[in-house]
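Everything below concerns the one structure shown next.
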Amino acid sequence: MLHHGFKLFCAIVFVVLWPHEPPQVPNAREVVAPTAYTSFDPVARGKSFQVAVVLKIRPGFHINAREKSEEYLIATDLKTNVPAGLQAGEVAYPKGELHTFTFTKKPLNVYQDTAILRLPLTVLPTAGAGEYHIPFKLRYQACSTEICLPPVTLDIDAKVNVVASPSAAKPAHAELFPKH
(Lines give C-alpha, C1' and ligand atoms only; values in the text may rest on other atoms or scores of the structure.)
Protein backbone atom coordinates (compact mmCIF):
# COMPACT_ATOMS: atom_id res chain seq x y z
CA MET A 1 0.00 0.00 0.00
CA LEU A 2 2.79 2.40 0.85
CA HIS A 3 4.49 1.62 -2.48
CA HIS A 4 1.26 2.42 -4.39
CA GLY A 5 0.94 5.76 -2.54
CA PHE A 6 4.53 6.66 -3.44
CA LYS A 7 3.84 5.95 -7.14
CA LEU A 8 0.76 8.17 -7.04
CA PHE A 9 2.73 10.93 -5.32
CA CYS A 10 5.47 10.73 -7.97
CA ALA A 11 2.89 10.83 -10.78
CA ILE A 12 1.30 13.97 -9.33
CA VAL A 13 4.69 15.69 -8.90
CA PHE A 14 5.61 14.73 -12.49
CA VAL A 15 2.42 16.28 -13.91
CA VAL A 16 2.70 19.43 -11.80
CA LEU A 17 6.39 20.03 -12.48
CA TRP A 18 6.41 19.00 -16.15
CA PRO A 19 6.98 22.06 -18.34
CA HIS A 20 3.75 23.27 -19.83
CA GLU A 21 3.31 24.42 -23.39
CA PRO A 22 4.84 27.86 -23.89
CA PRO A 23 2.33 30.65 -24.43
CA GLN A 24 1.33 30.96 -28.06
CA VAL A 25 2.94 33.82 -29.94
CA PRO A 26 0.20 35.61 -31.87
CA ASN A 27 0.40 36.27 -35.55
CA ALA A 28 1.45 39.92 -35.99
CA ARG A 29 -1.77 40.51 -37.99
CA GLU A 30 -3.80 39.60 -34.87
CA VAL A 31 -2.18 42.12 -32.52
CA VAL A 32 -3.85 45.23 -33.94
CA ALA A 33 -7.53 45.35 -34.86
CA PRO A 34 -8.12 48.45 -37.02
CA THR A 35 -11.57 49.86 -37.80
CA ALA A 36 -12.35 52.87 -39.99
CA TYR A 37 -15.12 55.38 -39.19
CA THR A 38 -16.30 58.45 -41.10
CA SER A 39 -17.37 61.74 -39.51
CA PHE A 40 -20.37 62.05 -41.86
CA ASP A 41 -22.60 59.45 -43.44
CA PRO A 42 -23.78 60.55 -45.88
CA VAL A 43 -21.57 63.52 -46.76
CA ALA A 44 -22.52 66.20 -49.28
CA ARG A 45 -20.62 67.11 -52.42
CA GLY A 46 -18.17 69.96 -51.85
CA LYS A 47 -17.95 69.25 -48.10
CA SER A 48 -15.09 68.07 -45.90
CA PHE A 49 -15.12 65.09 -43.57
CA GLN A 50 -12.67 62.87 -41.72
CA VAL A 51 -11.87 59.19 -41.53
CA ALA A 52 -10.67 57.95 -38.14
CA VAL A 53 -8.80 54.66 -38.17
CA VAL A 54 -9.06 53.28 -34.64
CA LEU A 55 -6.32 50.82 -33.71
CA LYS A 56 -7.17 48.43 -30.87
CA ILE A 57 -3.86 46.99 -29.67
CA ARG A 58 -3.81 43.65 -27.86
CA PRO A 59 -2.99 43.88 -24.12
CA GLY A 60 0.68 43.16 -23.45
CA PHE A 61 1.76 44.56 -26.82
CA HIS A 62 2.69 47.95 -28.22
CA ILE A 63 3.46 49.36 -31.65
CA ASN A 64 5.95 52.10 -32.42
CA ALA A 65 4.47 55.57 -32.72
CA ARG A 66 4.76 57.54 -35.94
CA GLU A 67 7.57 59.55 -34.36
CA LYS A 68 9.91 56.69 -33.57
CA SER A 69 12.48 56.87 -30.79
CA GLU A 70 15.30 55.15 -32.64
CA GLU A 71 16.25 55.04 -36.31
CA TYR A 72 16.09 51.23 -36.45
CA LEU A 73 12.46 51.08 -35.26
CA ILE A 74 9.58 50.73 -37.71
CA ALA A 75 7.11 53.59 -37.37
CA THR A 76 3.36 53.13 -37.70
CA ASP A 77 2.34 54.24 -41.19
CA LEU A 78 -1.07 54.74 -42.82
CA LYS A 79 -1.35 55.25 -46.58
CA THR A 80 -4.29 55.61 -48.94
CA ASN A 81 -5.09 56.14 -52.59
CA VAL A 82 -8.41 57.93 -52.53
CA PRO A 83 -10.84 57.29 -55.37
CA ALA A 84 -11.62 59.93 -57.99
CA GLY A 85 -14.05 62.48 -56.60
CA LEU A 86 -12.31 62.70 -53.22
CA GLN A 87 -9.27 64.68 -52.16
CA ALA A 88 -7.18 63.72 -49.12
CA GLY A 89 -5.08 65.78 -46.75
CA GLU A 90 -2.25 64.48 -44.55
CA VAL A 91 -2.75 61.74 -41.98
CA ALA A 92 -2.70 63.09 -38.41
CA TYR A 93 -1.02 60.66 -36.03
CA PRO A 94 -1.51 60.85 -32.28
CA LYS A 95 1.37 61.62 -30.00
CA GLY A 96 2.78 58.38 -28.58
CA GLU A 97 3.61 57.69 -24.96
CA LEU A 98 7.12 57.12 -23.66
CA HIS A 99 7.51 53.72 -22.01
CA THR A 100 10.58 51.94 -20.71
CA PHE A 101 10.99 48.26 -21.52
CA THR A 102 13.43 45.68 -20.18
CA PHE A 103 15.14 45.33 -23.56
CA THR A 104 16.23 48.99 -23.85
CA LYS A 105 17.51 51.67 -21.49
CA LYS A 106 15.99 54.51 -23.50
CA PRO A 107 12.21 55.07 -23.25
CA LEU A 108 10.41 54.30 -26.51
CA ASN A 109 7.61 56.34 -28.09
CA VAL A 110 4.78 53.82 -28.57
CA TYR A 111 1.05 53.31 -28.90
CA GLN A 112 -0.67 50.94 -26.49
CA ASP A 113 -4.32 50.00 -25.97
CA THR A 114 -5.95 52.35 -28.52
CA ALA A 115 -4.58 54.83 -31.04
CA ILE A 116 -6.65 56.93 -33.47
CA LEU A 117 -5.20 58.04 -36.80
CA ARG A 118 -7.16 60.71 -38.68
CA LEU A 119 -7.33 61.65 -42.35
CA PRO A 120 -9.13 64.82 -43.53
CA LEU A 121 -10.92 64.46 -46.87
CA THR A 122 -13.00 66.63 -49.16
CA VAL A 123 -15.70 65.49 -51.55
CA LEU A 124 -15.13 67.39 -54.78
CA PRO A 125 -18.14 69.34 -56.11
CA THR A 126 -17.98 67.21 -59.27
CA ALA A 127 -18.11 63.87 -57.41
CA GLY A 128 -20.88 61.52 -58.34
CA ALA A 129 -23.45 60.51 -55.74
CA GLY A 130 -23.16 57.00 -54.29
CA GLU A 131 -20.93 54.83 -52.13
CA TYR A 132 -17.17 55.37 -52.18
CA HIS A 133 -14.60 52.93 -50.79
CA ILE A 134 -11.40 54.43 -49.40
CA PRO A 135 -8.64 51.80 -49.23
CA PHE A 136 -5.98 52.10 -46.54
CA LYS A 137 -2.76 50.24 -45.90
CA LEU A 138 -1.63 50.20 -42.26
CA ARG A 139 1.97 49.16 -41.59
CA TYR A 140 3.23 48.53 -38.06
CA GLN A 141 5.50 46.35 -35.97
CA ALA A 142 4.10 44.93 -32.76
CA CYS A 143 6.27 44.07 -29.76
CA SER A 144 5.76 42.79 -26.25
CA THR A 145 8.30 43.05 -23.45
CA GLU A 146 9.87 39.78 -24.68
CA ILE A 147 9.56 39.71 -28.47
CA CYS A 148 9.05 41.80 -31.56
CA LEU A 149 6.94 40.31 -34.29
CA PRO A 150 7.72 40.84 -37.98
CA PRO A 151 6.29 44.06 -39.45
CA VAL A 152 2.98 43.62 -41.28
CA THR A 153 0.69 45.61 -43.55
CA LEU A 154 -3.08 45.37 -43.11
CA ASP A 155 -5.74 46.43 -45.60
CA ILE A 156 -8.53 48.59 -44.21
CA ASP A 157 -11.60 49.80 -46.06
CA ALA A 158 -13.58 52.90 -45.17
CA LYS A 159 -16.78 53.64 -46.99
CA VAL A 160 -18.73 56.84 -47.30
CA ASN A 161 -21.94 57.72 -49.10
CA VAL A 162 -21.93 60.92 -51.10
CA VAL A 163 -25.14 62.86 -51.65
CA ALA A 164 -25.91 65.96 -53.70
CA SER A 165 -27.96 67.79 -51.06
CA PRO A 166 -26.13 69.40 -48.10
CA SER A 167 -29.29 69.03 -46.00
CA ALA A 168 -29.07 65.23 -46.38
CA ALA A 169 -25.57 65.11 -44.81
CA LYS A 170 -25.56 63.63 -41.31
CA PRO A 171 -22.79 63.70 -38.70
CA ALA A 172 -21.74 60.20 -37.60
CA HIS A 173 -19.76 58.70 -34.72
CA ALA A 174 -19.95 61.69 -32.38
CA GLU A 175 -17.77 59.79 -29.87
CA LEU A 176 -14.86 60.08 -32.34
CA PHE A 177 -15.76 63.42 -33.95
CA PRO A 178 -17.22 65.65 -31.21
CA LYS A 179 -16.85 68.91 -33.19
CA HIS A 180 -19.25 67.95 -36.00
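Put simply, NE2 on His62 and CD on Glu97 are 12.0 Å apart, with the number rounded to the nearest 0.5 Å. Atom-to-atom distance recorded for Thr76:OG1 and Gln141:CD is 9.5 Å, nearest 0.5 angstrom. In this structure, OG1 in Thr80 is found 6.5 Å from CD1 in Ile134, a value given to the nearest 0.5 Å. Taking OH of Tyr140 as the reference point, atom CZ of Arg29 lies at 7.5 Å (rounded to 0.5 Å). Taken from CG in Asn64 to CZ in Arg139, the straight-line distance is 11.0 Å, to the nearest 0.5 Å. A distance of 9.0 Å separates SG in Cys148 from CD1 in Ile74, rounded to the nearest 0.5 Å.
Atom CD of Glu30 is surrounded by more than 12 heavy atoms from other residues, nucleotides or ligands within 6.0 Å. A 6.0 Å sphere centred on CD of Gln112 holds more than 12 heavy atoms belonging to other residues, nucleotides or ligands. At most 12 non-hydrogen atoms from other residues, nucleotides or ligands lie less than 6.0 angstrom from CD of Glu90. By the 6.0 Å contact criterion, NZ on Lys68 is enclosed, its count of non-hydrogen atoms from other residues, nucleotides or ligands being greater than 12.
Leu86 and Phe40 fall within the same hydrophobic cluster, defined by Ile, Leu, Val, Met, Phe, Trp and Tyr side-chain heavy atoms under 4.5 Å apart, directly or through other members.
Listed here is the closest heavy atom pair of Pro107 and Ser69: O-OG, 3.8 Å. Nearest heavy atom pair, residue Ala169 against residue Ala44, reads CB-N, 3.9 Å.
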Can you give each donor-acceptor pair under 3.5 Å made by side-chain atoms of residues 113-126, sequence neighbours left out, with the distance rounded to 0.1 Å?
residue	atom	partner	partner atom	Å
Arg118	NH1	Leu176	O	3.0
Arg118	NH2	Leu176	O	3.1
Thr122	OG1	Ser48	OG	3.2

Show every donor-acceptor pair shorter than 3.5 Å between a side-chain atom in residues 153-160 and any protein atom, with sequence neighbours excluded, or say none if there are none.
residue	atom	partner	partner atom	Å
Asp155	OD1	Lys137	NZ	2.5
Asp157	OD1	His133	ND1	3.3
Asp157	OD2	His133	ND1	2.7

* CA sep, side-chain torsions, deciding dist, call: Val110, Phe101, side-chain contact (heavy atoms from CB on, under 4.5 Å) -> CA-CA 11 Å; Val110 300; Phe101 300 97; 4.2 Å; yes
* To do: Apply the test side-chain contact (heavy atoms from CB on, under 4.5 Å) to residues Val43 and Thr38: give CA-CA distance (whole Å), side-chain angles for both, the deciding distance (0.1 Å), then the verdict.
  => CA-CA 9 Å; Val43 64; Thr38 58; over 6 Å; no
* Asked: Please walk me through it: do Asp41 and Lys170 pass salt bridge (charged side-chain N to carboxylate O under 4.0 Å, His left out)?
  -> CA-CA 6 Å; Asp41 192 21; Lys170 301 279 184 254; over 6 Å; no
* **Test log, rule side-chain contact (heavy atoms from CB on, under 4.5 Å), inputs Val82 and Tyr132** => CA-CA 9 Å; Val82 296; Tyr132 285 74; over 6 Å; no
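Counting heavy atoms from C-beta outward, Phe61 and Leu149 have side chains that approach closer than 4.5 Å. Taking 4.5 Å as the limit, some side-chain heavy atom of Val51 sits within range of a side-chain heavy atom of Phe136. Residues Val162 and Arg45 form a side-chain contact, since some pair of their non-hydrogen atoms from C-beta on lies under 4.5 Å apart. In this structure, Val31 and Val152 have side chains that are not in contact, with every pair of non-hydrogen atoms separated by 4.5 Å or more. Side-chain contact check for Arg66 versus Asp77: some heavy-atom pair is nearer than 4.5 Å.
Looking only at distances, no side-chain donor or acceptor of Tyr37 sits under 3.5 Å from a matching main-chain atom of Phe177. The backbone N or O of Glu67 lies less than 3.5 Å from a partner atom in the side chain of Asn109, making a donor-acceptor pair.
With sequence neighbours left out, the ring-ring contact (aromatic ring centres under 6.0 Å, His included) criterion links His99 to no other residue.
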